[in-house]
There are 2 protein chains.
Amino acid sequence: MTSSSPKTPDATKQVRSPRSGRPNDPSGASNRAERAAERRAAIVEAALTEFIARGFTATRLDDVAKRAGVAKGTIYLHFKDKESMFEELVRTALVPLVNRIAAPQIPIGTVRDVIEAFAATFIREVANTRRGDIIRLIVAEGPRFPAIADFYYREVISRGLAGMRALIELAIARGEIRQKQLARYPQIVVAPAIVAVIWQSLFARHSPLDASDMLRVHLDLIFGERSET
Amino acid sequence: MTSSSPKTPDATKQVRSPRSGRPNDPSGASNRAERAAERRAAIVEAALTEFIARGFTATRLDDVAKRAGVAKGTIYLHFKDKESMFEELVRTALVPLVNRIAAPQIPIGTVRDVIEAFAATFIREVANTRRGDIIRLIVAEGPRFPAIADFYYREVISRGLAGMRALIELAIARGEIRQKQLARYPQIVVAPAIVAVIWQSLFARHSPLDASDMLRVHLDLIFGERSET
DNA sequence: AATTTATGACTGACTAGTCAGTCATTGTCA
DNA sequence: TGACAATGACTGACTAGTCAGTCATAAATT
């Protein structure tokens with residue numbers, strides 16, 4: 001029974017670290033911790049791409065591993081399982097953005113200016129980026145991942161709507177907005193932005209949508225058309 | 001139509017033909033074609049429920065069969081495979097509704113009246129029914145089923161928006177709507193309705209939304225508040 | 001009896017998650 | 001500084017389980 005082991009994993013072993021040939025660079029990016037972080041980032045990037053393209057269930061971790069350039073087992077060094085990976089991804093992909101947007105706005109100019117800046121940020125950072133797809137992903141998978149829906153409601157929706165409501169109330173007090181009931185439904189103000197995101201995912205091929213222009217028209221509807229030349 | 005409850009597979013081996021004992025009744029409700037249609041309807045009903053709850057990939061045809069009270073093989077007597085079943089389901093679930101809503105509106109009263117009737121229909125027939133979930137399902141699976149996105153754009157979106165645009169233009173001509181640019185983006189008018197559907201699916205548990213009231217406020221925004229003028 | 005319709009056990013392809021083994025890097029000591 | 005030992009990040013073949021789709025058989029109908 002001296003037969004060699006049936007598995008020959010050594011056959012095609014690629015070089016582990018083609019990292020730039022600096023095995024011990026103090027200022028470089030080649031120590032263990034940093035490369036681990038790089039790999040984790042590659043996995044996150046790849047997983048996000050796959051989840052967006054296929055949804056949770058249809059995404060194969062083999063594909064994620066291949067795309068990230070790691071072995072499947074490596075994924076499990078960073079994440080407990082597919083489900084918690086998905087949840088963590090969706091969370092971390094949105095929190096930085098939300099924190100930035102939800103930062104206390106300084107109403108220097110008119111409320112409309114603030115909301116217009118908000119809209120511009122949304123167009124730039126969400127509507128035409130992968131973050132928009134993440135929003136669609138949340139809509140798609142939310143019902144099956146109550147934890148995600150909970151988190152998202154708590155960290156994004158309730159905070160965002162509260163901030164928007166405060167702005168609307170300020171605008172009403174200042175006379176910028178006539179329709180007083182609007183403060184009860186801040187959703188109305190953001191609805192076209194959400195629709196724009198969905199449109200880009202589903203129908204951009206059929207009929208491109210100028211989201212920026214649409215939001216401008218919507219703000220004209222809310223604040224009245226601009227009379228400045 | 002599911003006259004009898006389709007979900008009672010508990011009776012081990014249910015009787016295949018619970019008919020009225022008329023083997024050859026021309027006017028009866030138990031000939032082959034009709035029972036086949038009943039079974040098909042039961043399968044459609046069950047499949048829709050499962051697809052809505054779990055999405056396309058995560059839905060098991062074993063579960064659909066169990067819920068419909070048929071054997072799995074029976075599904076394949078009615079549908080070629082899982083994918084074409086899904087596509088056919090999503091299509092037939094919406095077409096009757098769209099045909100009704102898209103029927104030529106007779107603008108007897110004001111345009112606002114027409115749109116308010118439309119909103120009421122939407123609330124009644126979509127927002128709080130399973131059709132709303134189907135809309136979410138399309139958002140969720142659309143990118144992976146281009147055929148569905150195509151069909152939906154052609155049969156629902158483009159038709160619906162064209163009709164809405166015509167109404168907006170009429171309202172502008174009549175002086176009901178001041179904001180002339182609105183005709184370029186009928187999406188703005190329907191956006192809160194879409195958001196309401198999504199909200200019900202994801203966040204109703206956290207914070208119930210009075211969709212009917214929200215749409216009323218939105219129409220006030222577009223047409224101006226009712227009591228004035 | 002012949003034909004149509006329904007069944008559900010079965011198959012084969014597919015995939016989440018595991019783990020024994022490898023080896024580049026890091027630590028230790030002379 | 002150079003040699004050797006220890007570490008643990010990484011690998012990928014493998015296991016155990018799932019599920020879409022099939023088909024031989026059975027039931028119902030004509």
Side-chain angles (χ1 to χ4, degrees), chain A residues 4-26 28-43 47 50-51 54-66 68-86, chain B residues 9 11-26 28 30-40 42-43 47 50-51 54-66 68-86:
Chain A
S4 59
S5 61
K7 43 202 163 186
T8 52
D10 54 347
T12 320
K13 185 74 65 177
Q14 79 273 24
V15 181
R16 183 78 53 80
S17 65
R19 265 294 145 265
S20 69
R22 291 165 301 177
N24 208 4
D25 190 87
S30 294
N31 60 45
R32 248 121 86 182
E34 274 184 51
R35 292 203 299 107
E38 277 173 21
R39 304 212 133 197
R40 190 193 161 91
I43 292 169
E50 293 288 329
F51 280 136
R54 319 182 104 81
F56 174 78
T57 308
T59 288
R60 285 163 299 209
L61 292 192
D62 283 304
D63 289 346
V64 172
K66 186 184 288 184
V70 302
K72 186 157 67 152
T74 307
I75 293 174
Y76 288 89
L77 299 176
H78 294 277
F79 300 94
K80 177 171 159 288
D81 56 19
K82 191 184 180 187
E83 193 166 317
S84 55
M85 177 169 87
F86 179 72
Chain B
T12 318
K13 191 71 58 127
Q14 76 278 19
V15 182
R16 184 79 52 81
S17 62
R19 102 298 299 156
S20 45
R22 292 163 300 180
N24 208 6
D25 190 280
S30 296
N31 59 48
R32 281 249 258 260
E34 275 187 50
R35 291 202 297 109
E38 276 173 22
R39 299 201 142 214
R40 189 192 162 91
I43 292 169
E50 293 287 329
F51 280 135
R54 319 182 102 81
F56 174 78
T57 309
T59 288
R60 285 163 298 208
L61 292 192
D62 283 303
D63 290 346
V64 172
K66 186 185 288 185
V70 303
K72 186 160 65 156
T74 307
I75 293 174
Y76 287 88
L77 300 175
H78 294 276
F79 299 95
K80 177 172 158 288
D81 56 20
K82 191 185 179 186
E83 193 166 317
S84 55
M85 176 169 87
F86 180 70

Integer-rounded Å distance: D/dC19 C1' and B/F51 CZ: 13 Å
Which nucleotide, D/dT11, D/dC19, C/dT15, lies nearest any side-chain atom of B/D62? D/dC19
Taking B/R54's backbone N and O only, do any of them form a donor-acceptor pair with B/T59's side chain (distance below 3.5 Å, no angle check)? no
Starting at atom CD1 of B/I75, determine the distance to atom P of D/dC23, rounded to an integer number of angstrom. 17 Å
Find the distance B/D63:CG to D/dG21:P and express it as a whole number of Å. 15 Å
Round to a whole Å and report the spacing from NZ of A/K66 to P of D/dA13. 13 Å
Under 4.0 Å, heavy atoms only, any strand: does A/L61 hit a base, just the sugar-phosphate, or nothing? sugar-phosphate
Rounded to whole Å, CD of B/E38 lies from P of C/dT5 at a distance of 15 Å
What orientation do A/F86 and A/F51 show, parallel under 30°, tilted 30 to 60°, or perpendicular over 60°? perpendicular
Taking CZ from A/R39 and P from C/dA24, how many angstroms apart are they, rounded to a whole number? 13 Å
Ranking D/dC10, D/dG21, C/dG8 by distance to the side chain of B/A71, first place goes to C/dG8
OG1/B/T57 to CD/B/E83 distance, rounded to the nearest 0.5 angstrom? 9.5 Å
Have a look at A/K82 and say if it touches a base, only the backbone sugar-phosphate, or nothing, with a 4.0 Å heavy-atom cut-off. sugar-phosphate
Roughly, in whole Å, what's the span from NZ in B/K72 to C1' in C/dA9? 10 Å
Look at the side-chain N and O atoms of B/R40 and state whether any lies under 4.0 Å from the OP1 or OP2 oxygen of C/dT5. no
Taking only the side-chain heavy atoms of A/Y76 (C-beta and beyond), determine which of C/dT18, D/dA20, C/dT15 contains the nearest atom. C/dT18
Nearest-nucleotide check on DNA chain C, A/D81 vs B/L77; residue mapping nearer the 5' end is B/L77
Side-chain donor or acceptor of B/K72 paired with backbone N/O of B/K66 under 3.5 Å: no
Length of the CZ-C1' vector between B/R60 and C/dT15, whole Å: 15 Å
Is A/T74 reaching over with its side chain to a backbone N or O of A/V70, donor-acceptor style, under 3.5 angstrom? no
Does the side chain of A/R54 get closer than 4.0 angstrom to OP1 or OP2 of C/dT15 through an N or O atom? no
Once you apply a heavy-atom cut-off of 4.0 Å, does B/T57 come out as touching a base, just sugar-phosphate, or nothing? nothing
